[in-house]
Amino acid sequence: MVVDDQLSRVFSALADPIRRDMVARLAVADATVNELAEPYSVTVQAVSKHLKVLEDAGLVSRRKQAQRRPVHLEAEVFDLMTKWIERYRQEAEQRYQRLDAVLAEMAQAPEQTRAEGEAS
């Protein structure tokens, strides 16, 4: 099954640790491809391929500034991820609250049974 929505592309792009590191670095400031390639023991071409994946997911963009073409983090894409994560976090939280209520009810049930038995 091939899913080609933006959320899937974003999560897929961030599955790679080098790309996550690039995103973390771009959260601090824009950078050129050569600047992004510096800390890695991979070629600039490999870094460009990683950037292409991030660009296709909508996480980064490149703009021409004089002689430079810095890579810019498109932070609004994180809103899409945050909404998706928050939806399931809330559902999980509600499920745990229901479980807590059931467990509390079960813990009280033996006490009530014992109290009723003692009263009769």
Side-chain angles (χ1 to χ4, degrees):
M1 178 172 115
V2 176
V3 179
D4 194 29
D5 61 289
Q6 186 178 22
L7 187 61
S8 298
R9 286 192 307 268
V10 169
F11 278 117
S12 178
L14 293 175
D16 185 279
I18 290 178
R19 291 194 286 264
R20 286 194 306 271
D21 185 60
M22 289 177 174
V23 167
R25 292 172 56 205
L26 290 169
V28 176
D30 292 356
T32 63
V33 174
N34 285 334
E35 291 168 341
L36 287 169
E38 284 175 9
Y40 307 113
S41 59
V42 296
T43 64
V44 171
Q45 186 178 14
V47 169
S48 290
K49 286 182 180 179
H50 282 298
L51 287 173
K52 176 77 172 125
V53 172
L54 293 172
E55 206 169 10
D56 289 347
L59 283 161
V60 300
S61 63
R62 298 184 212 195
R63 298 185 179 109
K64 189 157 178 91
Q65 284 182 344
Q67 301 299 321
R68 298 182 50 181
R69 196 160 184 240
V71 180
H72 175 76
L73 182 65
E74 298 294 340
E76 64 275 359
V77 174
F78 292 105
D79 292 341
L80 179 69
M81 298 173 70
T82 302
K83 285 179 187 171
W84 187 87
I85 291 169
E86 183 60 23
R87 173 182 166 202
Y88 291 103
R89 189 200 65 74
Q90 286 178 355
E91 286 183 16
E93 177 73 26
Q94 290 169 357
R95 193 173 58 235
Y96 285 124
Q97 287 175 356
R98 288 193 304 269
L99 178 60
D100 284 345
V102 168
L103 292 174
E105 197 172 293
M106 290 173 66
Q108 288 180 347
E111 291 174 17
Q112 284 180 337
T113 303
R114 191 176 28 225
E116 290 170 3
E118 291 173 2
S120 58

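What you see is a predicted model, and the numbers here were worked out from it, not measured in a lab.
No continuous path of hydrophobic side-chain contacts links L80 to V53 [ILVMFWY only; heavy atoms under 4.5 Å].
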Walk me through it: do Q90 and Q94 pass the test side chain to side chain donor-acceptor pair (under 3.5 Å)? CA-CA 6 Å; Q90 286 178 355; Q94 290 169 357; 5.5 Å; no
Take E55 and K52 through the test salt bridge (charged side-chain N to carboxylate O under 4.0 Å, His left out) and record every step on the way to the result. CA-CA 5 Å; E55 206 169 10; K52 176 77 172 125; 5.5 Å; no
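Taking the charged nitrogens against the carboxylate oxygens, E74 and R63 do have a contact shorter than 4.0 Å, which makes a salt bridge. Ion pair K83/D79 not flagged as a salt bridge, since none of the NZ, NE, NH1 or NH2 atoms sits closer than 4.0 Å to an Asp/Glu carboxylate oxygen. Note on E91 versus R87: salt bridge recorded, some NZ/NE/NH1/NH2 to OD/OE distance being below 4.0 Å.
Between D30 and P70 the shortest heavy-atom distance is CB-CB, 4.1 Å. Annotation for V77 and A57: closest pair CG1-O, 4.4 Å, computed over non-hydrogen atoms. The two residues V42 and A46 make their nearest non-hydrogen contact at CB-CB, 4.0 Å. Shortest non-hydrogen contact noted between P39 and R25 is CG-NH1, 3.1 Å.
Rounding to the nearest 0.5 angstrom, the gap separating the CG atom in N34 from the OG atom in S48 is 8.0 Å. With rounding to the nearest 0.5 angstrom, the NE2 atom of H50 is 11.5 Å from the CD atom of Q45. The CD1 atom of I18 sits 7.5 Å away from the OG atom of S41 when rounded to the nearest 0.5 Å. Atom-to-atom distance recorded for K49:NZ and L54:CG is 14.5 Å, nearest 0.5 angstrom. Distance CG/L14 to CG/L59: 5.0 Å, rounded to 0.5 Å.
Counting only residues at least two apart or in different chains, ring-ring contact (aromatic ring centres under 6.0 Å, His included) contacts with residues 55-98 comprise F11-W84, W84-Y88.
Listed for the R19 side chain is a donor-acceptor partner under 3.5 Å among the backbone atoms of A13.
Here the options are V60, V44, L51, the test is side-chain contact (heavy atoms from CB on, under 4.5 Å), and the partner is L36; only L51 passes.
Contact check for L7 versus M81: side-chain heavy atoms found under the 4.5 Å cut-off. Residues V71 and E35 are not in side-chain contact: their nearest non-hydrogen atoms beyond the backbone lie 4.5 Å or more apart.
Within 6.0 Å of CD on E105 lie no more than 12 heavy atoms contributed by other residues, nucleotides or ligands.
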